[in-house]
Structures are given as structure tokens and as C-alpha cells.
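What follows is a single structure, written as C-alpha cells, with notes after it.
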Amino acid sequence: MLTGVALTGLLAFASVLLAWPLSGSRVFWALLLLLTGLLLIMLISGYLLWKDRRSLSALETQSYQDAAQLAILQERADSLTKALDTSNQRLIEALQQIDQMRHQFMENERYLMLDALVHGVASELVSPVSNLVLLNSTLADASVQLKKMAEGEATRSGLRNLSAQFQQGTSMLSQNLQKVDDLMLSVKQLVSGQRNSQKREFSLQTMLDESCAALQSRVRLSNHVMLIDVEYGIVMNSYPGAITQLMLNLFNNAFVHALDGVEQGLISLKASKSDEATVRIVFSDNGQGIDEALLKEILQPMLLKKIGKAGSGLGLHVCQHLVSFVLGGRMLVESKTGVGTTITMYLPLEAPDVSTGTIKVGVPKDVYDDWQLLLQQGLAYDAASPAFDGFDRIRRDLVELRFLMQALRDYLPESEAVLVPVTDYATGLRMLQTAQLSILGTTVWETDAQAIASEVLLSAPVITAEQSLVGIYTLPGNEMALRCRKKEDLRDLRFVCSKDWSVDWTTLQQLGVKHCLDMKNWHEMVLMLAEGEVDAILAPFSMRDDLALQVDGHVFIPVPGIRVALRGSRHFALSPDGYGPQLMEKVMPGILAEVDNGHFASALLQCGYLNQATSTWEIW
């Protein structure tokens, strides 16, 4: 631009000179000026060209540097991505191991009290059995002497001595046999008390004595002391099994944790009436006490104060559950480090009726919440519609619950049914085994029920193996998952499922899935998928036209063209105690009639579980 302006000015000046009358000197000066200007313009142009090239070279150099830096950053990003994937995989494996430990601890908790009981019984039996062996030998010798006397000359003094030996022997024999009989009776009542979930009337003093009798030897062998002080005449109408389990859990918690390292420990159990309707039970020890920071969390599940010690970290959490939800009371924990712990329980003499007259239906928490919405909208009971017209959160488990609740109304109208939220599938089955529930409101896999077949009742199938076809759901932006077209593509995907869902878990293993995180709760699985911690989840197809699944504000879509067959049938599971047999006899036939006439399948079609839109998709 600068050279253009200079050239224009130079030409204008030369034109002015040439416009004057020509003379030799004027022409010379005009030509000289023109040549000088041209030279100046060339110099300026050369300088500007050099400067432009230099700037271009600098830009190229900077570009090369930027490209190199970008390559380094990309390499670092790839490296970080790989490291993150590795860390995520290790985290998933760690979570799986922790969950396996949790289940192992929970299983060990069931046998911990049995171990203490067996240990105590064995110790108590040593003395009377040894005495019986000795008495047997003594009486055998006396019998030989009596036989000799019968064959020879018997003296009066000899007969008196033998008579005294037999009398003393039979007395000691009777005493020791009575000890064995009392101990066996105590154990029998203790065990039957644990199994007895029925509400009945009993003496609190007798119940506590029976609960602690077989454990006294363990206390004595450890050089500890247990004091039991129960006010005479307290009669409760409650659940003896729950009180037995409560006492055993408190004892074990004190013995394993509180008195660990204490040479001479003291465990005290006192019970007295707090008022006319309440009994106050105080369980205390002079052990290590509980740190103030832990005291606020001591009732939470899985609080493992000492890894590697006996117990699962569930002890006081279980006690809290028994006191609050079974016995209808409240529990307070006070402790001071180095002084000891005091647990005070206030229990009603008349426990709330959780079995008689009330049918307890266990359902997952999300199903419970949706059922409350249905009740508010007047859609929970509607015989005119097998599904839920106008309710966009309908799914298989809600269909099952609705048919069950309607059948309860139709066939047991005089009984009250209450929904009990349960945290997860496995917890529901355990509550069913212990008669804390009458029935599960959503169906279970047959294989899961067979594992506890002797402890539950199982209906005929309401969903057959051929009907359980689900999708592989993922986030809309997960291209790796959405591109899956063959089973081999699943090997690098990260799934989330629950090992308690035996059919789902086994199906994923059979499909060749290498990475599968074990989570117990459906909402936890959804959260893992929504945050990208895993790639996919197995879920029934939704009733939406685009098959998208909306859960907790998150949207997931199925891998197109693929259905996964869950090879198993689903059944209603019932408790063998309480209302269970009555439900099996009167209610289940009504639900199965709905299955036979096609109404149940029609509802599953409307909710998307039986999905016609995917009928042409490949089945894996």
C-alpha cells in the first residue's frame, strides 16, 4: 500500500513538471526525479517484501511449534485417557471386591451367633458328660462287687456300703442328666425362639435367661463377668425371636469389640418397667467405649471398626432395626472412650402387630414411590383398564403389584395390606425368609427362589422364559455401545448389574461380557450409567415410540436391532408363615387366572415389557 501511494505521488509530480514549457534542464530534472522515485519505490517494496517473508516465516515456525505442542498435548490426553480407563477398571474391580466382602460378612453374621452358641453348649456339656463317664465306671465296679457278694457270703456292712454307693451314684447321675436336659431345653427354646417370628405372650425374665444361658461359659472362659438383673413378673406380648436375636447381637458386639483387650470385663443386662406399658432394658459394658466421631455413625450399616475381627459391621444396625421396626421401641447409645458403652432400649409390653391382620407386601423403593403417585391420581385400582392409561412411568413391576393388590381386594377384602419398601432384591428375599414380609409385590426369578426353596412358597410362573426379552440400554452419545452388531462387540463394554439377579448376571457372562460391576440397587445402576462410569445396562423396553427409557431424569436408548433373552421364569414369592399359605390358597389362583385369560400379558404389552416394535430384532 505504501509503495502504491509513493508511485502515485511521484507520477503526479512528474506530470506537473512536464506540463511546464519544455527545456533541456527541466527534462533532465524531471527524468532524474522520476528515476530516483522509482529507485526509492523499489527499495521500499523490497523492504516490505522482506518484512512480509520474515513475518510469514515466523508464522510458519509458530505453526510448526503449535502443531508439535498439539501433538504432545494429544499424546498426553491419550495417555491420561488410558490411565483413567485403567483407574476406572480398578475402581470397578475394587467395588466388586468390596461388595463380595459385604455379602460374605452378612453371611458370616448369620453363623457368628451359632458359633458362640455351639461353643457355649460344648463347654457346658464337658463337666456333666465327664461326670457321667466317671459315674458309669464307678457303678460298673459296684455292680461287679455286688455280683461277687451274691455268689459268696454277703455281709451287712458290705451291702450297706454298696447301697450307699448306688444311692450316691444315682443321685449324681440324676443331677448331671438334669443339667444336660436343662441345657438342651435351653438351646431348643433359644433356637425355636429365633425361628419363631410369631407374636406371643412370654415372661421377659425367662426369655432373657434362655437367651444368655448358653453364652455364660464363653464369658467365664474369657475371665469376664455377665450380670443379669430382670424385674420379676414382667410379661410381654411381643416377638421372642426378635428379642433373642437382639440380645445375641448385643452380647456379640460387646464381646468382640468393646471388651477386646480388656482383661476383666463386665457385661450388665438390666430390665425393669419404665411405666405401665413400657419395659426399659439397659445393656452395658466397661470396655473400650466408642470414639465420639464414630458414635454418630454407630447405628449405620457396615461400620467396620476393626477389619479382620468377627462381625460384619451390621450388629448395632440390626439391633436398631429390630427395636424400631419389629418390636416398636426406641434405642439410645451412650459411650465414653475408656469407660464403656450403655445401650438403653424402651420396648412396649404390647408390641405392634406386624403379622396378624396385616398383609405385608414388600416392594422396591422406586415401585413404592410410584404406587403412591398412582393412588393420588386414582389409577392404582381400575378394573376397566388392565394397565395404567395416562401414567407414563408404567413398567413390569408396577403391573405385577397392581394385579396383586387388586387380587387382595377381591379375594381377601377383610384383610389390610400395607406396602413395605425394601432397599434391594436380596433384602426382600431375606425379609421373606424371616417372615418380616408376607409376600413380595414384584416377581422373582425361579432360580433365585430355588436357592431358598425350603423357606419360601413359590407361585406358578406369571412370566415365562420366552417372554423375558430386554434391551441393551446406553447413553445417546455412547457410539461404541450403539455400534454393537455382534456379541464380540460387547466384550469391551462396561456393564452394571446385580449378582442377586441371577438370570441377568448369568446371561451377561454367557454373552462374553468381561467387565460387569455388581450393584444391588436399580437407582445406583442408573446413576452409574448416567455418569458414564459404565457403558450399558440390561433393561426392559419402554412403551415410548422411540423406546427411550427415562429414569430419575436421565434418558437412555437401546442398542438398535438387538434383544437379549433372559432364560428364566418369574414367580410371586410368599412367606411360609403368617398370611403366606392363605395368600397362596386364595389370592394366587386369581392372579393366575388373569395370566391364563391374557389380561396380564395385555398389561405387559401396554407397558412395553412385551414389545411389538422390536419383534423383528435379533435375539441374543
Side-chain angles (χ1 to χ4, degrees), residues 105-106 108-109 112-113 115-117 119-120 204-205 207-209 211-231 242-274 278-347:
F105 285 145
M106 293 180 71
N108 289 342
E109 185 80 22
L112 191 60
M113 298 308 169
D115 175 71
L117 180 62
H119 187 277
L204 180 62
Q205 184 177 39
M207 175 58 60
L208 294 181
D209 286 343
S211 298
C212 300
L215 301 172
Q216 284 281 10
S217 62
R218 185 180 180 187
V219 177
R220 289 196 299 269
L221 290 173
S222 62
N223 204 32
H224 299 323
V225 176
M226 173 181 277
L227 299 179
I228 302 176
D229 182 12
V230 183
E231 180 181 327
I243 292 181
T244 299
Q245 185 180 357
L246 176 63
M247 292 301 109
L248 292 179
N249 275 22
L250 289 173
F251 170 85
N252 184 70
N253 189 72
F255 194 86
V256 173
H257 297 289
L259 300 180
D260 184 29
V262 178
E263 292 186 3
Q264 291 184 335
L266 172 64
I267 297 175
S268 173
L269 177 63
K270 298 180 180 180
S272 60
K273 276 191 176 182
S274 175
T278 310
V279 61
R280 180 174 179 261
I281 300 177
V282 181
F283 187 96
S284 61
D285 63 69
N286 66 339
Q288 304 177 42
I290 303 170
D291 186 81
E292 185 176 354
L294 284 177
L295 191 57
K296 298 178 181 179
E297 305 176 5
I298 197 66
L299 298 180
Q300 298 299 317
M302 301 308 298
L303 180 64
L304 295 179
K305 185 177 177 183
K306 297 181 179 179
I307 299 295
K309 293 291 183 182
S312 66
L314 294 172
L316 287 182
H317 172 69
V318 171
C319 293
Q320 169 77 358
H321 175 82
L322 290 171
V323 169
S324 299
F325 296 100
V326 179
L327 300 173
R330 57 192 178 94
M331 185 172 82
L332 304 175
V333 180
E334 299 174 288
S335 186
K336 188 174 181 179
T337 304
V339 177
T341 302
T342 298
I343 300 173
T344 305
M345 295 153 284
Y346 294 90
L347 305 179

When rounded to the nearest 0.5 Å, the distance separating CD1 of Ile243 from CG of Leu327 is 5.5 Å
When rounded to the nearest 0.5 Å, the distance separating OG1 of Thr344 from NZ of Lys270 is 11.0 Å
TODO: Test Met226 against Phe251 for side chain to side chain contact (heavy atoms under 4.5 Å, CB included), laying out the working first.
DONE: CA-CA 10 Å; Met226 173 181 277; Phe251 170 85; 3.2 Å; yes
dist Met247:CE -> Met207:CE (nearest 0.5 Å) comes out at 10.5 Å
- When you look at Met345 and Leu250, which way does the side chain to side chain contact (heavy atoms under 4.5 Å, CB included) test go after all the steps? CA-CA 11 Å; Met345 295 153 284; Leu250 289 173; 3.6 Å; yes
Which of Val225, Leu266, Ile267 passes side-chain contact (heavy atoms from CB on, under 4.5 Å) with Asn286? It is Leu266
Exercise: do Ser335 and Thr341 side chains pair donor with acceptor under 3.5 Å: yes
**Study point:** Sidechain-backbone polar pair: Ser274 side chain, Val279 backbone, donor-acceptor under 3.5 Å
**Key:** no
key: Side-chain heavy atoms of Leu332 within contact of Arg330, under 4.5 Å   = yes
Output for pair (Met331 CE, Ile343 CD1), nearest 0.5 Å, gives 6.0 Å
| task | Please test Lys273 against Thr278 for side chain to side chain contact (heavy atoms under 4.5 Å, CB included), starting from the C-alpha separation and ending with a verdict. | result | CA-CA 6 Å; Lys273 276 191 176 182; Thr278 310; over 6 Å; no
Rounded to the nearest 0.5 angstrom, the CG-OG distance for Asp229 and Ser272 is 8.0 Å
Interatomic distance, CD1@Ile281 vs CG@Leu208, rounded to 0.5 Å, equals 5.5 Å
